[in-house]
K.L.:
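My structure is below; once you've seen it, I'll send some questions.
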2 protein chains.
Amino acid sequence: MPRQDLEYPKEAHNTVKRYNHLASYTLRTIHTIINTTPLLHISFNTTPSSPFPSTIPMIGQMGSFSHPSSSLSDVLDLYIHGYISARLTNLTRSSPGLPVTISASTVDGLLLSLTPFSHGYNYRSAVLFGHATVVTDPAEKLYAMELITNKVVPNRWSESRSPPTPGEMAATAVMKVKIDTGSAKVRTGPPKDDKVDLDSDEVRERVWVGTVPVYTVIGEPVAAEYNLVKEVPNTLAEWRKEANQDAKEYAELAAVKDLAPKKKKEDD
Amino acid sequence: MPRQDLEYPKEAHNTVKRYNHLASYTLRTIHTIINTTPLLHISFNTTPSSPFPSTIPMIGQMGSFSHPSSSLSDVLDLYIHGYISARLTNLTRSSPGLPVTISASTVDGLLLSLTPFSHGYNYRSAVLFGHATVVTDPAEKLYAMELITNKVVPNRWSESRSPPTPGEMAATAVMKVKIDTGSAKVRTGPPKDDKVDLDSDEVRERVWVGTVPVYTVIGEPVAAEYNLVKEVPNTLAEWRKEANQDAKEYAELAAVKDLAPKKKKEDD
């Protein structure tokens with residue numbers, strides 16, 4: 001399956017310089033991290049007079065309107081929505097093709113080594129660089145709204161009052177980011193220490209070393225006061241169970257085993 | 001306690017324009033979100049030739065070297081470290097006072113409303129704008145390394161092999177961000193729907209509505225193969241228990257109750 005191996009091109013702004021044995025440029029790895037991280041951070045420059053990038057947390061999902069059956073290994077666009085500042089939407093309307101940087105990170109464990117120097121996290125992080133436009137085609141907008149709603153909870157679009165009313169459509173801004181390039185970093189496995197500490201019985205007999213798995217739990221659904229439906233939807237109940245089991249298993253596996261993409265010789 | 005009410009100034013780049021009833025400018029709210037979010041996203045511009053901000057996930061903590069006993073309501077600096085790209089460190093060395101944007105976000109719940117239009121998350125997010133320099137004073141660097149290590153697990157600095165060796169000190173870059181301004185947004189409470197859907201028995205009898213609490217769990221510590229200490233440190237065991245209880249309680253409370261800072265009249 002050669003499609004599994006599609007990689008983003010390595011350019012100056014997406015090449016991982018430090019810890020590059022943890023880096024991956026495959027679309028599948030990067031798109032999976034983006035789609036499984038609930039909140040993405042979107043950074044962009046506003047006016048030439050401000051030296052600070054703006055950063056906004058938003059809900060976004062990778063998809064392909066022209067080829068909806070595409071897999072995560074294919075070339076995809078990012079659709080974003082929710083908590084959209086008027087500023088970002090207006091800026092994108094007035095400057096179509098606005099350059100944006102999208103990042104997504106998840107902590108999977110705490111690394112407790114012998115020395116503070118080697119403390120840190122097991123984590124997955126991805127960054128994408130692309131150009132944003134406001135989606136104007138109603139069919140594409142509807143496709144994106146369904147994609148994004150189903151990111152919150154699978155199948156939620158068809159299990160809630162859809163399609164949106166004309167008023168809701170008009171009040172919703174959806175942006176599409178055409179991706180230039182991107183990269184991912186994944187750190188897994190136990191902590192690492194230097195020989196000098198590993199050789200010291202005094203240090204090793206005093207300092208506990210290991211990994212503490214960290215994972216997200218989707219809790220017990222709480223009905224709103226105005227809810228009239230007795231049972232929590234089956235899709236939600238099943239998805240919660242699976243998502244919670246997967247998250248715990250991944251963090252516990254990452255605590256003991258190096259799962260990171262293997263370093264290629266030429267990256268050394 | 002007037003110190004609890006210190007606010008960052010509202011400037012063009014930090015003023016929350018949308019959903020501004022969720023916004024807060026108090027130092028305490030913003031600093032608390034930064035310090036309780038494991039990974040921060042640091043955005044900055046690299047070269048004038050790249051239109052894309054760079055964004056890097058890093059570990060950072062608010063503190064004050066000149067007044068170490070300061071509270072989260074006081075004026076503080078952000079110290080960052082870990083996963084520092086050579087690029088960011090070098091850039092800050094060659095351009096002291098590099099403008100950086102720091103963001104931190106946590107999802108606290110899924111909001112399942114009657115219509116997809118009103119779906120979203122309960123969340124806490126903060127953004128800070130400031131100028132970064134590389135810390136060169138060894139005493140301040142040591143202060144910051146202790147602060148950051150104790151963010152991973154409380155008291156870990158003194159419970160591991162500290163202080164760092166001269167070699168470790170030389171190999172570690174710590175950056176200090178002097179904060180210009182910042183803001184926070186906090187969304188809590190049940191989902192909200194429009195009157196037209198609330199008035200429709202057909203919709204309300206078909207669609208389950210409510211909140212699904214989301215929280216992070218600090219799992220069961222896993223000793224590394226080279227660990228010799230029998231018992232997990234008491235500080236870690238106690239902190240895990242408390243952190244897990246607090247996280248679950250907050251998400252469950254946020255699912256049913258509006259805890260967001262109250263809107264000020266002039267912000268309407």
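Proteins get letters first, then strands, A, B, ... in listed order; numbering begins at 1 in each. The figures here come from the full heavy-atom set of this structure, side chains too, leaving out hydrogens, waters and symmetry mates.
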K.L.:
With a 4.5 angstrom heavy-atom cut-off, is it the side chain or the backbone of Pro51(B) that approaches chain A, or both, or neither?
P.N.:
both
K.L.:
Who wins among Ser200(B), Pro116(B), Pro191(B), Pro190(B) for the most heavy-atom pairs under 4.5 Å with chain A?
P.N.:
Pro116(B)
K.L.:
Below 4.5 Å from any heavy atom of chain A, which atoms of Leu236(B) appear? Answer side chain, backbone, both or neither.
P.N.:
side chain
K.L.:
Could you tell me which residues satisfy side chain to side chain contact (heavy atoms under 4.5 Å, CB included) with Glu11(A), sequence neighbours excluded, listed by chain and number?
P.N.:
Pro9(A), His13(A), Asn14(A), Thr181(A)
K.L.:
Ignoring hydrogens and angles, tell me if any N or O in the side chain of Arg204(A) forms a donor-acceptor pair with the backbone of Asn227(B) under 3.5 Å.
P.N.:
no
K.L.:
Using a 3.5 Å distance criterion without hydrogens, assess whether the side chain of Thr101(A) forms a donor-acceptor pair with backbone atoms of Pro53(B).
P.N.:
yes
K.L.:
Please classify the contact between Leu112(B) and chain A as side chain, backbone, both or neither, with a heavy-atom cut-off of under 4.5 Å.
P.N.:
both
K.L.:
Looking only at side-chain N and O atoms, does Ser105(A) offer a donor or acceptor that is under 3.5 Å from a partner on His41(B)?
P.N.:
yes
K.L.:
Examine whether an atom of Asp201(B) lies under 4.5 Å from a heavy atom of chain A, and if so say whether it belongs to the side chain, the backbone or both; otherwise answer neither.
P.N.:
neither
K.L.:
Can you check whether Phe117(A) and His81(B) have ring centres sitting under 6.0 Å from each other?
P.N.:
no
K.L.:
So for Ser160(B), is it side chain, backbone, both, or neither that comes closer than 4.5 Å to the heavy atoms of chain A?
P.N.:
both
K.L.:
Report which part of Ala104(B) has an atom under 4.5 Å of a heavy atom belonging to chain A: side chain, backbone, both, or neither.
P.N.:
backbone
K.L.:
Any side-chain heavy atom of Phe52(B) within less than 4.5 Å of one from His131(A)?
P.N.:
yes
K.L.:
Please report the interatomic distance OG1(Thr115(A)) to CZ(Arg161(B)), rounded to the nearest 0.5 Å.
P.N.:
4.0 Å
K.L.:
Atom CZ in Arg124(A), atom CG in Leu39(B): separation rounded to 0.5 Å?
P.N.:
11.5 Å
K.L.:
Below 4.5 Å from any heavy atom of chain A, which atoms of Val232(B) appear? Answer side chain, backbone, both or neither.
P.N.:
both
K.L.:
Using distance only, find each side-chain donor-acceptor pair of residues 206-222 of chain A under 3.5 Å and give its atom names and separation, not counting sequence neighbours.
P.N.:
unit_1    : atom_1 : unit_2    : atom_2 : d
Arg206(A) : NE     : Glu202(A) : OE2    : 2.8
Thr211(A) : OG1    : Ala255(A) : O      : 3.1

K.L.:
Please classify the contact between Thr46(B) and chain A as side chain, backbone, both or neither, with a heavy-atom cut-off of under 4.5 Å.
P.N.:
neither
K.L.:
Examine whether an atom of Glu168(B) lies under 4.5 Å from a heavy atom of chain A, and if so say whether it belongs to the side chain, the backbone or both; otherwise answer neither.
P.N.:
both
K.L.:
Say you draw a straight line from CZ of Arg240(A) to CG of Leu110(B); how long is it, rounded to the nearest 0.5 Å?
P.N.:
10.0 Å
